[in-house]
Enquirer: 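A single structure is presented below for examination.
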Amino acid sequence: MTIAKSASTYERIYAIVRQIPAGTVATYGQVATLANLAGQARLVGYALYRVDIASGIPWHRVINAKGEISESPLRLGGDDVQRSLLEQEGVMFSPKGRVDFQRYQWQFKEVKC
DNA sequence: ACATTGACCCGTT
DNA sequence: GAACGGGCCAATG
């Protein structure tokens with residue numbers, strides 16, 4: 001599938017996040033880069049904040065570059081929810097609450113038609 | 001139309 | 001190793 005470039009910045013972000021497979025996590029910076037917004041990982045976080053769960057976007061699979069879960073006090077319950085969702089998908093967290101990037105970081109596989 | 005917000009990443013000290 | 005600040009864009013009221 002191709003990513004629509006004509007789409008708005010946020011839509012591009014949503015398109016990327018939506019393609020993150022279950023049991024995998026991606027960093028904001030990675031999503032930003034894939035969305036053609038390299039260097040603007042912020043927008044990814046901002047965009048996800050506006051996104052609703054009903055949008056069908058696995059926002060919980062997007063974490064910060066530290067491998068930890070970013071949370072917003074305004075979001076659902078907090079990091080507990082996001083971590084729980086990831087654990088449900090089989091993502092294991094380090095004792096420190098970090099995710100093993102070597103194991104779970106989403107690697108964008110360029111699928112050539 | 002203006003001002004404010006909002007879940008980050010990187011470099012330097 | 002930890003802390004601080006700077007920079008970017010879009011949506012909301």
Side-chain angles (χ1 to χ4, degrees):
Chain A
M1 185 171 81
T2 322
I3 301 161
K5 298 179 185 173
S6 307
S8 298
T9 309
Y10 274 32
E11 272 203 30
R12 281 183 285 197
I13 295 168
Y14 301 150
I16 298 295
V17 177
R18 220 178 278 181
Q19 272 145 78
I20 300 175
T24 316
V25 297
T27 63
Y28 290 95
Q30 182 161 18
V31 174
T33 303
L34 294 172
N36 209 5
L37 299 167
Q40 293 175 330
R42 264 186 168 186
L43 299 183
V44 179
Y46 301 163
L48 291 176
Y49 174 71
R50 316 280 180 199
V51 167
D52 274 343
I53 308 282
S55 301
I57 298 173
W59 58 270
H60 57 270
R61 292 182 196 144
V62 183
I63 58 180
N64 59 15
K66 294 172 207 157
E68 252 209 345
I69 295 175
S70 298
E71 68 164 286
S72 66
L74 308 176
R75 218 33 189 155
L76 316 172
D79 59 344
D80 296 338
V81 176
Q82 186 165 5
R83 186 168 76 184
S84 192
L85 287 168
L86 289 172
E87 284 181 341
Q88 275 184 34
E89 298 188 343
V91 177
M92 299 225 281
F93 283 79
S94 288
K96 285 174 142 194
R98 277 171 92 183
V99 180
D100 293 349
F101 276 130
Q102 292 183 56
R103 195 172 166 127
Y104 299 109
Q105 184 171 61
W106 175 45
Q107 294 179 6
F108 183 68
K109 295 168 185 171
E110 300 177 12
V111 183
K112 292 196 174 175
C113 303

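Bear in mind that the values here come from a model prediction, so they are computed numbers and not experimental data. As a basis for the values below, the full set of heavy atoms in this structure was taken, side chains included, without hydrogen atoms, waters or symmetry mates. A note on names: the letters A, B, ... follow the listed sequences, proteins ahead of strands, and every chain is numbered from 1.
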Enquirer: Please name all residues satisfying salt bridge (Lys or Arg N to Asp or Glu O under 4.0 Å) with A/E87, sequence neighbours left out, ordered by chain then number.
Expert: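 Checked A/E87 against salt bridge (Lys or Arg N to Asp or Glu O under 4.0 Å); zero matches.
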
Enquirer: Just how far, in rounded Å, is P of C/dA2 from CD of A/E68?
Expert: 12 Å

Enquirer: Rounded off to whole Å, could you give me the CD-to-C1' distance for the A/Q30 and B/dC10 pair?
Expert: 17 Å

Enquirer: Can you hop from A/V91 to A/L85 via hydrophobic side chains spaced under 4.5 Å?
Expert: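 Different clusters.
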
Enquirer: Round to a whole Å and report the spacing from CG of A/N64 to P of B/dC9.
Expert: 5 Å

Enquirer: Whole Å only: how far is the CD1 atom of A/I13 from the P atom of B/dC8?
Expert: 13 Å

Enquirer: Rounded off to whole Å, could you give me the CG-to-P distance for the A/L85 and B/dA7 pair?
Expert: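 Taking CG of A/L85 and P of B/dA7, I get 18 Å after rounding.
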
Enquirer: How close or far is atom P of B/dC8 from atom CH2 of A/W59, stated in whole angstroms?
Expert: 13 Å

Enquirer: Send over the distance from A/Q82 CD to B/dC8 P, rounded to a whole Å.
Expert: 11 Å

Enquirer: Has A/E68 got a side-chain atom pairing as donor or acceptor with A/R98's backbone, closer than 3.5 angstrom?
Expert: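 Not at all, since once roles are kept as given, no pair shorter than 3.5 Å links the two residues.
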
Enquirer: For nucleotides 3-5 of chain C, give me every protein contact, N/O to N/O, under 3.5 Å, one pair per line with atom names.
Expert:
none

Enquirer: Going by the rule side-chain contact (heavy atoms from CB on, under 4.5 Å), which residues pair with A/T33 if we only count those two or more places apart in sequence or in a different chain?
Expert: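 If we apply the side-chain contact (heavy atoms from CB on, under 4.5 Å) test to A/T33, skipping adjacent residues, the hits are A/A38.
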
Enquirer: Are A/L48 and A/I63 connected into the same hydrophobic cluster when the rule is that any two of I, L, V, M, F, W, Y join if their side-chain heavy atoms are below 4.5 Å apart?
Expert: no

Enquirer: Verify the cluster assignment for A/W59 and A/V31: are they in a single hydrophobic cluster under the rule of side-chain heavy atoms below 4.5 Å apart?
Expert: yes

Enquirer: For a side-chain contact (heavy atoms from CB on, under 4.5 Å) with A/W106, tell me which candidate from A/I16, A/V17, A/T27, A/V25 qualifies.
Expert: A/I16

Enquirer: Can you list the residues that meet the side-chain contact (heavy atoms from CB on, under 4.5 Å) rule with A/V51, with sequence neighbours excluded?
Expert: A/Y14, A/S55, A/I57

Enquirer: State which residues pass side-chain contact (heavy atoms from CB on, under 4.5 Å) with A/Y46; sequence neighbours excluded, sorted by chain then number.
Expert: A/Y10, A/R42, A/L43

Enquirer: Calculate the interatomic distance between A/L37 atom CG and B/dG6 atom P; express it in whole Å.
Expert: 21 Å

Enquirer: Across nucleotides 8-13 of chain C, 5' to 3', mark each nucleotide with B, S or - according to how protein heavy atoms within less than 4.0 Å reach it.
Expert: BBSS--

